[in-house]
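Scope of the values below: all heavy atoms of this structure, side chains included, with no hydrogens, waters or symmetry mates. None of these values were measured; they are calculated from a predicted model.
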Amino acid sequence: MTTHSKPVNGGQPWLHQKGEVIQEFGTVKQFPVGLTYEARMYSCQRLNKVLADSQILYGLYKKHHWLMRGATFYQLHLVLDKHAGEQLDIIDTIAERVQSLGGVAVGDPRHVAEITSIPRPPDGVEEVPAMLSRLLEAHEAILIDAHDASARTAEWGDDGTIDLLVSQVIRSGERQAWFLAEHLVDTPLVRA
């Protein structure tokens, strides 16, 4: 007895699909969130800049976490990984805010590299103080931009974006910068 089996289409993934872009980057669609088109467009532009810089900061944290050296290796290895995880949460929150305003969050690393203002580090391993200074400079750039974006989005009445920038980006960034800066304090040697 021979059986003829029919192909089962329900279990086979449809591979190699291509699609049309249904929303261009830099646009916002209409959502009933009580903000004007102009306010949402402005907030998305500012948030995408902070988002790109925060993604670069996250990458720097992971790189320096992996490449840490010296007597404080263990402590810094742990704190840099903790800060990276906190940045990842912030990144997700910023991206979701852009989407909730009807925008398109920057997500492709190549696009992020085009938007960021954070300087590229050397490919190799820097000395520990240089790595920490690089992280501090990235934090400061993000904090300056977040303070400005918060003040300017206030003019548009976008309280949700202001809240995100102040309560998460600024407060977390200031705390993380404090932890890093304290590792660069020159402390006197204890003499017996």
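Under the 4.5 Å side-chain criterion, counting only non-hydrogen atoms from C-beta, Val104 is not in contact with Asn48. By the 4.5 Å heavy-atom criterion applied to side chains, Asp158 and Arg40 are not counted as neighbours. Counting heavy atoms from C-beta on, the side chains of Gln168 and Asp163 never come closer than 4.5 Å. Annotation: side chain of Pro121 is in contact with side chain of Lys63 (closest heavy-atom distance under 4.5 Å). In this structure, Leu101 and Arg97 have side chains that are in contact, with non-hydrogen atoms separated by less than 4.5 Å. Put simply, the side chain of Arg175 reaches to within 4.5 Å of the side chain of Phe179, judged on heavy atoms. The side-chain heavy atoms of Thr161 and Leu165, taken from C-beta on, include a pair separated by under 4.5 Å. Considering only heavy atoms from C-beta on, Leu180 comes within 4.5 Å of Tyr61 through its side chain.
A side-chain donor-acceptor contact under 3.5 Å links Ser54 to the backbone of Val50. With Gln17 contributing its side chain and Trp14 its backbone, the two residues share a donor-acceptor pair below 3.5 Å. Proximity of a side-chain donor or acceptor of Gln23 to a complementary backbone N or O of Thr27 within less than 3.5 Å is detected. Remark: side-chain polar atoms of Thr153 are paired, donor with acceptor, to backbone N or O of Ala149 under 3.5 angstrom. Listed for the Arg46 side chain is no donor-acceptor partner under 3.5 Å among the backbone atoms of Cys44. Side-chain atoms of Asp53 never come within 3.5 Å of backbone atoms of Ile115 as a donor-acceptor pair (strictly under, hydrogens ignored). When atom types are taken as modelled, the side chain of His77 and the backbone of His65 share a donor-acceptor pair closer than 3.5 angstrom.
Hydrophobic clustering (side-chain heavy atoms under 4.5 Å, transitive across Ile, Leu, Val, Met, Phe, Trp, Tyr) groups Leu136 together with Ile118. Linking ILVMFWY residues whenever their side-chain heavy atoms come closer than 4.5 Å, directly or via other members, places Ile162 and Ile170 in the same cluster. Follow the hydrophobic side-chain contacts under 4.5 Å out from Val166 and you never reach Leu57; the two are in separate clusters. Hydrophobic clustering (side-chain heavy atoms under 4.5 Å, transitive across Ile, Leu, Val, Met, Phe, Trp, Tyr) keeps Ile94 apart from Trp156.
The number of heavy atoms from other shown groups lying within 6.0 Å of CD (Glu127) does not exceed 12. In this structure, Gln75 places its CD atom where more than 12 heavy-atom neighbours from other residues, nucleotides or ligands lie under 6.0 Å away.
For the pair Glu114 and Arg110, the salt-bridge criterion is not met [side-chain N within less than 4.0 Å of a carboxylate O].
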- request: Show the numbers, then the answer: is there a side-chain hydrogen bond (donor to acceptor under 3.5 Å, both in side chains) between Thr116 and Lys49?
  value: CA-CA 7 Å; Thr116 189; Lys49 174 68 173 66; 5.5 Å; no

- prompt: Can Gln87 and Gln176 be said to form a side-chain hydrogen bond (donor to acceptor under 3.5 Å, both in side chains), step by step?
  reply: CA-CA 10 Å; Gln87 284 299 314; Gln176 289 180 345; 2.8 Å; yes

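For the atom pair Leu35 CG and Ser43 OG, the distance stands at 7.0 Å (nearest 0.5 Å).
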